[in-house]
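Index from 1, following the sequence.
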Amino acid sequence: MSKLLTISYLLGVFLISVPVFAQDKKDFQRVIGGDVKSPRILACDHPEFSFHLPEMAGNLHFGIENQGKNKWLKDFTQIKTKESKQKIIYKIKDEFIAKAELIICVTNLSHTDGIILEAEIINLPAETYLTWSFGGCYGVELADKTDSHLKPSYCKDNVFSIEGNAFTCYYGESMKLRVIQGIAPLSSELKLSETYRQGAPALSGRTPLKNGEKLYFCIYKQNKQADYNYYMLRDLFEYEYNK
C-alpha cells in the first residue's frame, strides 16, 4: 500500500545528510531537455539535475557511501564530462573509492519530460553504495534556472508516496496539484529525510554497487506513452541513448 508522507526524519539502516547549497551557485549550464532559451532539464558538470516544467519540479543528485561514510559526487576530485545531443557521460574518480571509476550516462526521454540514467562502477571497493537524493519540487518557475540546487524553501510543500523502489512526489497548490514520478534500482532503500533538519522533506536512497552491474534511474512525468517500471528501463535507456 502506498504511504503518503510529509515530514519525517531519516532513520533505519542508513543515514544520508541532504545538502543545502549556496544561494549564488549557478552550476546548471548543460541542457538535457528543452533548449537554451527554454530549458526544461538542466545538468551540472557533476551528476546533478534539475527539472523545470516550467515550474521547478525537482533536483536529483548522487553520492557514494563507502564503509559507512558518504561523499557527494560534486565533491569528487576527478570528473570528466562528455556532452552531445542532450546526453551526457560522466567518468568519475576519487581517492574515496580507491582505484574505482564510476561511469554515469544520462539522456532525456522522447515521450515525456524526464531523464533516464545508467550507472556502472569498475574496480569496486568492498561495501560501496550509490546514494542519491531527490526533492525541491517548488512548483514555481525560477527566474534563474542556472541556480536550481536543492533548498529547504523548495521542499516544504512536497508530499511523497513510496512504493518499493518507485516514488511519486506531489507538489504545488492544492487546486493545481502537480505530480512527478521516479524509479530507482530494485535493490534500493528509500527513506524520507530533512534538508538539514529544517522541516523540509526530501527523498534519499541508496543501492549497493557491484562490479560491472548497470543500474538505472528514471525521473519523469507520467502519461499514456510514458508509464514505466524498472524492468523496462534497460531497453528504454538503450532506445533513448542511441536515438
Q: Measure from the ring center of H149 to the ring center of F28 and say whether it is less than 6.0 Å.
A: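 Under 6.0 Å, so yes.
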Q | Ring centre gap for Y220 and Y228 strictly below 6.0 Å | A | yes
Give the minimum heavy-atom separation between [X] and [Y], together with the two atoms involved.
X    : Y    : answer
G135 : A202 : CA-CB, 4.4 Å
T207 : P185 : OG1-CB, 3.8 Å
L203 : K191 : CD1-O, 3.5 Å
F134 : A57  : CZ-O, 3.7 Å
M56  : Y171 : O-CE1, 4.1 Å
L150 : S133 : CD2-OG, 4.1 Å

Under a plain distance cut-off of 3.5 Å, with no hydrogens placed, do [Y] and [X] share a side-chain donor-acceptor pair?
X    : Y    : value
D45  : T81  : no
S110 : E240 : yes
K243 : N108 : yes

Please report the interatomic distance [atom1]([X]) to [atom2]([Y]), rounded to the nearest 0.5 Å.
X    : Y    : atom1 : atom2 : value
E213 : S187 : CD    : OG    : 6.5 Å
I41  : L53  : CD1   : CG    : 7.0 Å
L233 : I116 : CG    : CD1   : 4.5 Å
K85  : Y241 : NZ    : OH    : 11.5 Å
S148 : H52  : OG    : NE2   : 3.5 Å
N123 : L102 : CG    : CG    : 12.0 Å

Q: Please list, chain by chain and in numerical order, all residues satisfying side chain to side chain contact (heavy atoms under 4.5 Å, CB included) with D94, sequence neighbours excluded.
A: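 Result, side chain to side chain contact (heavy atoms under 4.5 Å, CB included) vs D94: K71, F76, T77, F96.
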**Q.** For I103, side chain to side chain contact (heavy atoms under 4.5 Å, CB included) partners two or more places apart
**A.**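 Result, side chain to side chain contact (heavy atoms under 4.5 Å, CB included) vs I103: I89, K91, E101, C105, I122.
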Q) Would Q222 and D227 satisfy side chain to side chain donor-acceptor pair (under 3.5 Å), going step by step from the backbone distance to the final call? A) CA-CA 6 Å; Q222 189 179 56; D227 187 3; 2.6 Å; yes
(Q) The test is side chain to side chain contact (heavy atoms under 4.5 Å, CB included); show your working for T131 and E65 and say whether it passes. (A) CA-CA 6 Å; T131 60; E65 180 186 321; 3.8 Å; yes
Q) After noting the C-alpha distance and the side-chain angles of N165 and S188, does the key distance pass the side chain to side chain donor-acceptor pair (under 3.5 Å) rule? A) CA-CA 6 Å; N165 64 309; S188 295; over 6 Å; no
Q) Name the one of R178, K221, R40 that satisfies salt bridge (charged side-chain N to carboxylate O under 4.0 Å, His left out) with D113? A)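 Going through R178, K221, R40 one by one, the salt bridge (charged side-chain N to carboxylate O under 4.0 Å, His left out) with D113 is satisfied by R40 alone.
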Validation row: [X], [Y] side chains within 4.5 angstrom (heavy atoms):
X    : Y    : result
P54  : L142 : no
T146 : Q29  : yes
F49  : I115 : yes
N211 : E120 : no
I92  : L73  : yes
L190 : F167 : yes

Q: Under the side chain to side chain contact (heavy atoms under 4.5 Å, CB included) rule, what do F51 and I219 come out as? Steps first, then yes or no, please.
A: CA-CA 9 Å; F51 302 83; I219 305 292; 3.7 Å; yes
Q. For the residue pair H111 and Y239, does the interplanar ring angle fall in the parallel (under 30°), tilted (30 to 60°) or perpendicular (over 60°) class?
A.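 It falls in the parallel class, under 30°.
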Q. Parallel, tilted or perpendicular: which fits the ring planes of F217 and W132, with parallel below 30° and perpendicular above 60°?
A. perpendicular
Q | Residues E189, Y129; criterion side chain to side chain donor-acceptor pair (under 3.5 Å); working and verdict | A | CA-CA 11 Å; E189 304 166 45; Y129 295 82; 5.4 Å; no
Q | Derivation and outcome, side chain to side chain contact (heavy atoms under 4.5 Å, CB included), residues L117 and Y216 | A | CA-CA 6 Å; L117 180 149; Y216 297 92; over 6 Å; no
Q: Tell me, yes or no, whether the heavy-atom count around E127 atom CD, taken from other residues, nucleotides or ligands under 6.0 Å, exceeds 12.
A: no
Q) Can you tell me if N158 uses its side chain to pair, donor with acceptor, with the backbone of C137 under 3.5 Å? A) yes
Q: Could you walk me through whether N70 and I64 pass the side chain to side chain contact (heavy atoms under 4.5 Å, CB included) test, one step at a time?
A: CA-CA 6 Å; N70 190 72; I64 292 287; 5.7 Å; no
Q: Hey, could you give me each pair passing salt bridge (charged side-chain N to carboxylate O under 4.0 Å, His left out) that has a residue in residues 131-141? Not counting sequence neighbours.
A: E141-K145
**Q.** side chain to side chain donor-acceptor pair (under 3.5 Å) between E48 and N59, worked out
**A.** CA-CA 7 Å; E48 182 177 355; N59 171 286; 2.9 Å; yes
